[in-house]
Amino acid sequence: MSKNWRNTTAIFLTVLLGCVLFYAGTDGFRAFTAESARTYKLLKDKPKFPDVTLEDSKGRVYSFSEFEGKYIMLTFIYTSCSDVCPKLEMNLAEVYSKVPKAWIGEDILFLSISFDPARDDVDTLEKYRKAFESDGETWRMARIADQAELDHLLEEFGVIVIPDGEGGFTHNSAFYLVDRKGYLAEVMDFTKIDEAANTVVTTLKNDTGE
Amino acid sequence: MVTTINKGEFKSRNNLIATYLIIGGLVIAAMMVFGILMLLAQGGVLDLPPAAFYQFLTIHGTGMIGGAALAASAVMWYFLSNYVELSKKVFKLNLILSLIGVVMVIIGVFSFKYASAWTFLYPLPALSGGAWGVTGALLYLVGMLILGVGFLLLYIDTGRAIIKKHGSLGKGLGWDVISGKRAEKDAPSPTVVASTMVTIVNVSALTTGATVLIMNIINVVNPAFTFDPLLAKNLTYAFGHIFANSIIYMGVIAVYEILPRYTNRPWKSNRPFLIAWTMSTAFTLVIYTHHMLMDSVMPKWMLIMGQVLSYANGLPVLVITAYGALMIVYKSGVKWDMASGLIFLSMFGWVVGVVPAIVDATIVVNHVMHNTKWVPGHFHMYMGLGAVVMIFGFIYYLSKVDSSLQTNGLDKVGFISYTLGIISVSVGFLISGALSTPRRWATHFPEWMAPAVFGAIGGVLAVVGLTIFIIHFIRYVKVRGTAGSDLNEQKLA
Amino acid sequence: MKQTGLGIILYGILVIPPVKAYIESIMLLHMLVQLPLLILAGWFIGDMLIKKFHPFFTAWNTDGVPGMILVVFITMYWMLPRALDEAVSIYYIELFKFISLPFVGLFLRDSWKKMQTLGKSFIFLNYLSMFALMAWLYIDSPIQICNNYLETQQKVLGWGFLVITIWMILYLLQAVFTDHSEKAE
Amino acid sequence: MVQTVAWIVSLIFMLLITAVFGFVAFKSKEKRDYEPIKKKWYKARTFYGATLVVVMLIITIYTLRELPYNQPVYGAGNDPTIVDVEAIQFGWKMSETEFKVGEPIEFHVTSTDVTHGFGIYDSELNLIAQTQAMPDYTNKVYITFDKPGTYDVLCLEYCGLAHHLMIGKIVITE
């Protein structure tokens with residue numbers, strides 16, 4: 001052993017170093033993909049929703065700050081998307097149906113934001129709204145016409161959108177819950193409907209004090 | 001062949017072998033107790049909460065396979081080291097890693113309520129319905145991985161040693177003799193052939209197992225990563241089937257080595273023998289699909305191959321090994337004692353266990369017997385009456401050649417008690433299977449209870465027998481080396 | 001010494017911005033060409049370094065195990081989907097990539113010849129199952145694992161891993177089934 | 001019934017093997033030269049091996065004629081009832097549970113979480129058909145009930161702590 005103490009020490013050190021590398025590289029074994037790292041970081045930072053101008057399916061134009069005082073359940077979509085978005089919206093509809101009616105419109109609004117303003121004009125959004133049977137009031141579909149504002153929002157909320165060159169986009173998806181003051185409160189896995197609905201209901205329950 | 005091994009080295013080798021066997025034997029005995037408790041619960045005699053039952057189920061399967069594999073690898077190592085140069089360091093390392101793995105598995109199961117059965121079918125480890133958490137699953141899966149690493153190192157070493165001595169694994173299986181390039185008299189010994197087979201199948205199994213274990217670990221840590229469940233099932237059964245099967249292929253080395261010494265008739269590798277072992281190698285690798293006969297989404301040809309090759313896999317043992325053992329014993333004037341008796345019994349156990357296995361591998365039968373207790377019926381027969389008996393036969397052999405310890409009437413009682421016990425357990429299972437009793441159920445409907453109780457009583461008999469065997473072995477360990485010469489084994493015949 | 005020069009040239013080519021940008025734009029090239037080439041560059045450069053610092057390597061990496069542990073950890077890190085993503089979007093991770101991987105090559109070169117057959121076979125089988133798992137993960141995953149790459153690229157990478165795995169299996173088969181008796185004598 | 005046949009066949013072969021081993025053990029006391037025994041029994045082995053292969057082949061061909069995987073040929077106007085079965089921890093969701101005697105039925109079985117086993121038991125608790133219930137895959141069971149009564153669906157693949165409570169019901173009427 002004494003003859004080879006350096007080698008033994010080196011083994012010990014390299015194992016330690018390896019573990020440190022993995023610990024640091026995965027936020028303490030929590031995040032193995034950039035997506036989970038993003039969620040983790042978002043929840044730590046809790047960014048404020050920038051004051052963007054929305055144009056919804058009814059052609060109304062207003063700024064995000066109008067929603068102040070209500071929780072907002074958010075998704076990011078584009079209507080010509082054929083894979084993730086329909087699923088995302090279908091799941092959102094299910095969450096919507098699981099939230100008690102009394103809160104809807106009063107304490108919480110649902111909002112699907114399109115990041116493809118060029119194609120998703122008012123008419124297209126209206127069609128999309130009908131497809132998912134949203135009422136256009138308590139669950140709105142809207143676009144952000146100003147590209148700079150849109151980019152800023154996507155950046156703040158860590159949404160990465162890559163055009164695939166054939167008119168589609170690849171993007172990461174999740175449910176976002178923004179609190180009454182406009183700060184991000186939760187990021188939820190959109191495939192786990194029950195879990196997401198639970199989180200929303202619990203948050204509201206704690207907040208409204210019921 | 002043993003001339004180069006000096007006395008001291010011989011002794012320390014036997015020390016290690018004895019440690020392996022004691023741990024293996026005790027684990028097997030402890031697992032039998034869990035087995036009895038489960039049968040009692042199913043028989044309605046014992047009020048066991050389902051959570052405890054499924055934890056017992058998990059530990060019983062894992063422990064039996066682990067303990068028996070450990071002990072059987074000691075049998076293989078003991079005899080193989082007479083032919084090729086094995087690394088004792090690796091052998092020791094395997095023991096240490098196995099113990100670490102076992103401890104993790106035990107903590108995972110009993111402290112963290114992990115109960116996925118030893119098959120840990122994806123995605124069950126991650127989706128327990130709230131029964132266990134990430135910690136338990138990780139302890140179990142990582143424990144299994146560490147166990148696997150130990151065994152993998154052991155088989156890499158046997159493979160290395162065989163290649164060094166014989167040139168290649170193909171030559172270890174005697175392919176050059178089969179093709180006629182080498183004379184039959186220069187063929188590798190049965191021990192080397194069997195060890196080569198085990199090396200090939202287990203390195204494949206353990207590599208596959210590592211893949212599927214890590215896959216499960218990833219899924220447990222981050223459920224967003226999902227995998228194809230059918231592929232996962234294929235890999236899991238490929239690993240489980242091969243590894244469990246390899247136990248008997250390691251154990252049979254004891255038969256090849258011990259029977260000839262008792263009967264004074266040589267057991268040499270000839271061409272049919274070598275062909276049979278090459279067949280076993282190939283079939284063992286591919287017939288796991290008979291575990292998936294009830295997955296009709298599998299390609300149909302794979303399922304049909306599952307039946308056909310499972311039938312064919314019976315041939316090597318039925319035509320070569322068992323037949324050879326019978327020929328060697330027939331009119332040989334063999335002196336029956338515990339060792340030779342157990343070895344002969346083990347061949348019987350293996351062959352008799354093959355019958356219900358082949359029956360169940362028939363697709364139309366499997367359609368109404370898959371996952372009934374028929375399945376444990378067949379493998380309790382050939383593991384309990386075959387593989388485990390080979391191990392204990394070896395234990396009695398070792399204590400005979402390495403000490404002056406005598407067997408007595410009690411050992412005979414043990415022999416009879418164990419044999420009757422395991423037969424009762426297996427027959428109990430088979431009858432349950434014929435009655436459509438599902439396997440792995442914490443409770444039974446009243447009409448299914450009687451055979452379970454019968455099996456439990458058989459289990460008690462078997463544990464009594466096994467305890468007698470273990471006591472004998474522990475007595476041997478205490479007086480080891482008293483036969484005067486450690487090299488006694490060469491003179492036995 | 002010639003090898004060292006080759007290694008430096010290779011490294012130099014890999015860090016040229018357009019080359020780098022092009023390779024990193026395609027997931028398959030990024031993971032299965034750039035990363036291995038960086039390791040290869042380190043291996044070549046190691047030619048001189050190992051000789052020059054011979055006493056250091058002998059003392060601290062006597063049996064090759066410490067070096068191999070580093071190699072395993074660093075390569076495993078670079079197999080994390082996240083690492084690949086962040087190498088594109090975060091500059092210091094990118095920097096870490098260009099530093100750590102040549103070191104992998106360097107240590108691999110020093111350790112491989114020192115290790116025994118047992119260790120080497122074990123490492124080989126480890127990578128075999130790891131690559132198989134990667135193939136499975138990338139081909140099968142219904143979700144997009146990396147944010148910077150499209151799902152189709154992910155699949156292509158998976159197939160790339162599968163090809164490597166199959167190639168490793170074939171190599172292993174020929175290694176154990178061809179005759180080694182001459183060598184042994 | 002298949003189970004009875006399987007049990008009896010197994011029993012016969014197992015007893016046969018026991019007899020052979022018993023006979024050899026009984027004869028082991030005698031001591032004869034090995035060479036003549038070898039010669040004689042090697043020859044017998046060739047015959048025995050060949051017989052075994054032939055028997056296995058016949059059984060294989062016989063038992064592979066009709067596989068449960070094959071969709072039966074339905075007569076005109078006799079379309080099968082398709083039943084969607086979804087296994088969840090710990091219960092069965094079936095789109096229909098009441099059928100008629102003689103009605104051809106296809107169970108399309110899948111799972112939403114882990115692997116389960118879909119086993120149909122008749123009123124005497126005999127297993128009459130099964131398949132695996134896998135997430136992401138749909139396995140099919142083709143069956144036509146010929147006796148009225150209440151049938152049970154039991155889970156046949158270990159799926160968690162309430163595995164043994166996962167019991168569904170099917171009612172067959174005349």
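Note that the structure is predicted; figures quoted are calculated from it, not measured.
Under a cut-off of 6.0 angstrom, the local environment of CZ in D:Phe13 is sparse, with at most 12 non-hydrogen atoms contributed by other residues, nucleotides or ligands.
For D:Tyr158, the parts sitting under 4.5 Å from any heavy atom of chain B are the backbone and the side chain alike. Within the 4.5 angstrom heavy-atom criterion, atoms from both the backbone and the side chain of D:Thr18 approach chain B. Only the side chain of D:Phe23 comes within contact range of chain B, with at least one heavy atom under 4.5 Å from a heavy atom of that chain. Heavy-atom distances place no part of D:Ala50 under 4.5 Å from chain B, backbone and side chain included. Contact of D:Ile167 with chain B is made through the side chain alone, with heavy-atom distances under 4.5 Å.
Ranked by heavy-atom pairs shorter than 4.5 Å toward chain D, the options B:Val319, B:Thr119, B:Leu345 are led by B:Val319.
Between the side chains of D:Tyr42 and B:Asn270, a donor-acceptor pair is found at a separation under 3.5 Å.
The heavy-atom pair separating B:Tyr54 from D:Gly160 by the smallest distance is CE1-O, 4.0 Å.
Residues passing the side chain to side chain donor-acceptor pair (under 3.5 Å) test with B:Ser310 are B:His290, sequence neighbours excluded. Residues passing the side chain to side chain donor-acceptor pair (under 3.5 Å) test with B:Asp337 are B:Tyr262, B:Ser340, B:Lys400, sequence neighbours excluded.
Heavy-atom neighbours of chain B within the stretch residues 126-136 of chain D, taken at a separation under 4.5 angstrom, comprise D:Asn126, D:Leu127, D:Ile128, D:Ala129, D:Gln130, D:Thr131, D:Gln132, D:Met134, D:Pro135, D:Asp136. When the heavy atoms of residues 105-120 of chain D are compared with those of chain B, the residues falling under 4.5 Å are D:Asp113, D:Val114, D:Thr115, listed by number.
B:Tyr330 places no side-chain N or O within donor-acceptor distance of the main-chain N or O of D:Trp41, the cut-off being under 3.5 Å. In this structure, D:His163 contributes its side chain and B:Arg440 its backbone to a donor-acceptor pair below 3.5 Å.
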